[in-house]
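Below: the structure, in structure tokens.
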Amino acid sequence: MHLYKTSKGNILQLQDNYFLLKDDWDLLINQQNLYSHLLQLSASAEAMANEDATNNIKENILPPIGSQEVWAAGVTYLRSRDARMEESEDTGAADCYQRVYEAERPELFFKSLPHRVSGHGQLVNIRKDSKWDVPEPELALYINSRGAIQAYTIGNDMSSRSIEGENPLYLPQAKMYERSAALGPCLLVLDEPIALSTSIAITIHRNGEKMFDDATTLANLKRSLPELAGWLYKEMDFAHGAFLMTGTCVVPPNDFTLQAGDVVNISISGIGTMTNTIALKK
């Protein structure tokens, strides 16, 4: 099932049926078993005509986040390790990425507060003080306050490769700024863990011309999803749960950098497609 957050209310899509849920978003999603909870709500919820629901989603969609923090995991795919090593080769810091890829402890970093998160159809930014910028398509987890994975969505972990490549200690500046994160278009809620065969694909267009496209599957992820969630919750509490981006395996070539006006489409099988346009902070 799919759960959309809109400015007109929350919409649950259960196969070809749509239901309007008026519950507070944080209370709605922070459940011990979100799939069963939504199934129970659908039995008495207000049904919506398909056309009304789809128009509402199209016109009023919001990022599927309430008061949750967004965190991210790095170097969880071999391709990501290689990219980080390439960008930091001149500074002598490449070895740290090899070490974290092989280590028991993953790289986890704070990504965004909810008010800085963009949704489907909204702008995401590149930094004006960066010369090398890329999107990072990722599966994002919604983890409840007890540390259990309840849902999945598409994440875009926007990144300045030039800033992080200059010095790994600049990671916060490379990763955290206005509109540096996007989530959407909905939450995928399953009654079992997401399949490792799930595909993640990206296309980047500039002035209508395709500049880059690639795809991978979750099977290439080095660490398990419960493992990443467990490390995030090891010494922290999240009253309303948290979102965790799980890393990228799709990296544009080193001669590519985003420009304002580029259009990024990220698709994950079972969830859908999230589209964002690149911009500069005004």
Side-chain angles (χ1 to χ4, degrees), residues 1-14 17-31 34-35 37-38 41-42 45-72 110-125 135-145 150-158 176-190 238-245 263-268 270-279 281-282:
M1 61 181 72
H2 296 89
L3 183 62
Y4 295 87
K5 184 180 184 184
T6 81
S7 59
K8 303 296 184 179
N10 309 314
I11 297 177
L12 173 65
Q13 181 185 1
L14 184 56
N17 299 309
Y18 293 87
F19 303 92
L20 181 64
L21 305 179
K22 299 180 180 179
D23 309 60
D24 173 80
W25 182 262
D26 287 345
L27 296 176
L28 177 63
I29 65 173
N30 187 27
Q31 300 294 323
L34 181 57
Y35 183 90
H37 181 68
L38 294 176
L41 289 179
S42 69
E46 177 185 343
M48 301 182 69
N50 287 19
E51 183 177 359
D52 292 342
T54 54
N55 286 340
N56 190 348
I57 292 169
K58 181 179 179 180
E59 296 173 5
N60 303 302
I61 194 168
L62 298 172
I65 187 172
S67 60
Q68 294 79 26
E69 298 174 5
V70 182
W71 287 70
F110 179 75
K111 178 65 182 179
S112 183
L113 291 171
H115 71 276
R116 292 196 175 96
V117 176
S118 296
H120 170 67
Q122 296 183 334
L123 302 175
V124 292
N125 288 351
E136 295 190 1
E138 307 186 13
L139 177 73
L141 313 176
Y142 169 67
I143 310 164
N144 68 12
S145 58
Q150 297 296 307
Y152 310 89
T153 191
I154 298 171
N156 183 354
D157 174 20
M158 294 290 292
M176 289 167 261
Y177 51 89
E178 293 296 331
R179 295 184 178 272
S180 67
L183 296 173
C186 62
L187 295 185
L188 171 65
V189 185
L190 301 172
F238 299 93
H240 302 290
F243 284 89
L244 175 61
M245 298 189 189
V263 177
V264 177
N265 294 290
I266 302 174
S267 301
I268 297 183
I271 301 177
T273 298
M274 179 174 67
T275 299
N276 298 107
T277 301
I278 304 302
K281 182 179 178 294
K282 295 180 180 180

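Position 1 is the first residue of the sequence, and the numbers go up from there. In this text the structure is predicted, and so the values were computed from the model without any measurement.
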Answer yes or no: is there a donor N or O on one side and an acceptor on the other, between the side chain of [X] and the main chain of [Y], under 3.5 Å?
X	Y	value
Tyr177	Asn125	yes
Asn10	Asp23	yes
Ser112	Pro114	no
Asn276	Val124	no
Lys111	Ser180	yes
His240	Gln68	no

ring-ring contact (aromatic ring centres under 6.0 Å, His included) filter on Tyr35, not counting sequence neighbours, yields none
**Study point:** Non-neighbouring partners of Phe243 that pass ring-ring contact (aromatic ring centres under 6.0 Å, His included), sequence neighbours left out
**Key:**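 With sequence neighbours excluded, Phe243 shows a ring-ring contact (aromatic ring centres under 6.0 Å, His included) to Tyr142, given in chain and number order.
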Would you say the side chains of Asn265 and Thr275 form a donor-acceptor pair under 3.5 Å?
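Distance-only check passes for Asn265 and Thr275.
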Pairing donors with acceptors under 3.5 angstrom, does anything connect the side chains of Asp26 and Asn30?
no
Hits for salt bridge (Lys or Arg N to Asp or Glu O under 4.0 Å) against Glu59, two or more places apart or cross-chain, chain-then-number order -> none
Fill in: Test side-chain hydrogen bond (donor to acceptor under 3.5 Å, both in side chains) applied to Glu178 and His115, Arg116, Lys282, Lys281, the passing residue
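Exactly one candidate clears the test, Arg116.
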Ile65 and Lys5 have their tightest heavy-atom pair at O-NZ, 2.6 Å
Under the criterion side chain to side chain contact (heavy atoms under 4.5 Å, CB included), I'd like the reasoning laid out for Glu46 against Lys22: C-alpha separation, chi angles, the key distance, then a yes or no. CA-CA 9 Å; Glu46 177 185 343; Lys22 299 180 180 179; 4.0 Å; yes
Output for pair (His2 NE2, Ile57 CD1), nearest 0.5 Å, gives 10.0 Å
Measuring only between side-chain heavy atoms, which start at C-beta, is Leu3 closer than 4.5 Å to Trp25?
yes
